[in-house]
Protein chains: 2
Amino acid sequence: MEVQLKRGSLEVCVLASLLREDSYGYKIIQSLQNVVEISESTLYPILRRLEASDCLKFYSVEHNGRLRKFYSITDKGKDRIKEYLQDFQELMNIFNYIAKEVRNDD
Amino acid sequence: MEVQLKRGSLEVCVLASLLREDSYGYKIIQSLQNVVEISESTLYPILRRLEASDCLKFYSVEHNGRLRKFYSITDKGKDRIKEYLQDFQELMNIFNYIAKEVRNDD
DNA sequence: TATAATACTATACAACACATAGTATGAAAT
DNA sequence: ATTTCATACTATGTGTTGTATAGTATTATA
């Protein structure tokens with residue numbers, strides 16, 4: 001999948017993955033494996049951005065002598081998801097336009 | 001519409017707008033007005049990129065004493081559109097995942 | 001005579017996906 | 001016993017792209 005097309009979706013994808021239950025970096029990547037390929041170097045900056053914009057908060061839990069950061073979605077994060085769903089409708093319009101022009105071209 | 005979500009779509013949108021007939025900058029913006037908001041500062045760099053990647057070629061036509069650049073889509077440009085349509089299917093998977101998680105959360 | 005529409009170029013910026021590399025622990029495999 | 005793998009996170013740097021802003025220049029309209 002072309003890189004640019006993912007933009008804006010990955011962030012919301014991460015948020016959505018936290019709706020069921022709190023989770024941490026490594027596990028988020030695994031839980032999203034069937035949906036979209038996302039690497040560490042992509043995920044962790046996303047987590048920091050989402051936290052900075054109050055869409056996520058986190059707490060640390062000790063695990064094997066080390067701290068594991070559990071992320072939890074906030075109300076603002078849930079609003080962010082709804083905005084995305086609306087924006088995606090507009091993107092669907094663009095897609096439909098392109099698909100229509102292609103059909104006309106045949 | 002959030003900026004990031006547009007990425008990768010605008011370019012293909014411009015290509016698709018040239019399937020019916022050759023066109024030039026100003027007219028492309030107008031013909032896309034109902035589909036997506038695209039400004040001059042967005043369109044002209046896109047046109048240059050598409051030309052650099054051989055997805056478009058152009059020819060100049062004199063109009064009122066000035067040259068007007070008419071753009072014409074190439075076979076490579078048409079292939080690019082088809083790639084986009086496929087990639088968009090993957091993006092739909094992401095969208096469906098997010099929508100599903102939201103439904104589960106209610 | 002000023003404004004709007006037409007038509008394009010140039011420069012600079014911020015966001016984001018991603019590569020690469022580094023740090024550190026415990027478990028499994030050879 | 002030592003390497004490898006899975007886990008878990010941080011830091012730095014890069015390229016693409018949408019967009020703001022500004023500049024240039026012509027013709028038509030108010």
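This is a predicted model, so every value here is computed, not measured. The sequence lines fix the lettering, A, B, ..., with proteins before strands; numbering per chain opens at 1.
- OP1 or OP2 of dT6(C) lies within a sub-4.0 Å distance of a side-chain N or O belonging to Q30(B).
- For the pair L47(A) CG and dA17(C) C1', the interatomic distance rounds to 14 Å; values are reported in whole Å.
- V3(B) and L5(B) fall into different hydrophobic clusters, where Ile, Leu, Val, Met, Phe, Trp and Tyr are joined by side-chain heavy atoms under 4.5 Å apart, directly or via other members.
- The side chain of S39(B) has dT19(D) as its nearest neighbour among dC8(C), dA17(C), dT19(D).
- Contact annotation for I38(A): no contact, since no heavy-atom pair falls under 4.0 Å across all strands.
- In this structure, CD of E62(A) is placed 13 Å from C1' of dT25(C), rounded to the nearest angstrom.
- Checked against I98(B) for a side-chain contact (heavy atoms from CB on, under 4.5 Å), the options L19(A), V35(A), I81(A) give a single hit: I81(A).
- Between R49(A) and dA15(C) there is no side-chain polar atom (N or O) within less than 4.0 angstrom of OP1 or OP2.
- The CZ atom of F58(B) sits 8 Å away from the P atom of dT9(C) (whole-angstrom rounding).
- Closest to the side chain of Y26(A), out of dA17(C), dT7(D), dC8(C), is dT7(D).
- A residue-by-residue look at Y24(B) and S41(B) shows that Y24(B) has its nearest nucleotide of DNA chain C further toward the 5' end.
- Within a 6.0 Å sphere centred on CD of E83(B), other residues, nucleotides and ligands contribute more than 12 heavy atoms.
- Sequence order on DNA chain D of the closest nucleotides to R7(A) and P45(B) puts R7(A) first from the 5' end.
- Spacing between atom CD of Q4(A) and atom P of dG18(D) amounts to 7 Å, rounded to whole angstrom units.
- Atom-to-atom, CG of L10(B) to P of dT16(D) comes out at 17 Å; the value is rounded to the nearest Å.
- No donor-acceptor distance shorter than 3.5 angstrom exists from the side chain of D22(A) to the backbone of S72(A), with no hydrogens or angles considered.
- Computed from coordinates, the L32(A) CG to dC18(C) P distance equals 13 Å when rounded to whole Å.
- OP1 or OP2 of dT19(D) lies within a sub-4.0 Å distance of a side-chain N or O belonging to T42(B).
- The nearest heavy atom of DNA chain D to E40(B) and to E37(B) marks one nucleotide each, and the one closer to the 5' end goes with E37(B).
- Neither OP1 nor OP2 of dT7(D) sits under 4.0 Å from any side-chain N or O of K27(A).
- Atom P of nucleotide dT9(C) and atom CD1 of I29(B) are separated by 12 Å, given to the nearest angstrom.
- Across the protein-nucleic acid pair, I46(B) atom CD1 and dA20(D) atom C1' stand 15 Å apart, rounded to whole Å.
- Proximity of Y44(B) to the phosphate of dC8(C): a side-chain N or O atom is located under 4.0 Å from OP1 or OP2.
- Salt bridge annotation for K57(B)-E51(B): absent, with no cationic side-chain nitrogen under 4.0 angstrom from a carboxylate oxygen.
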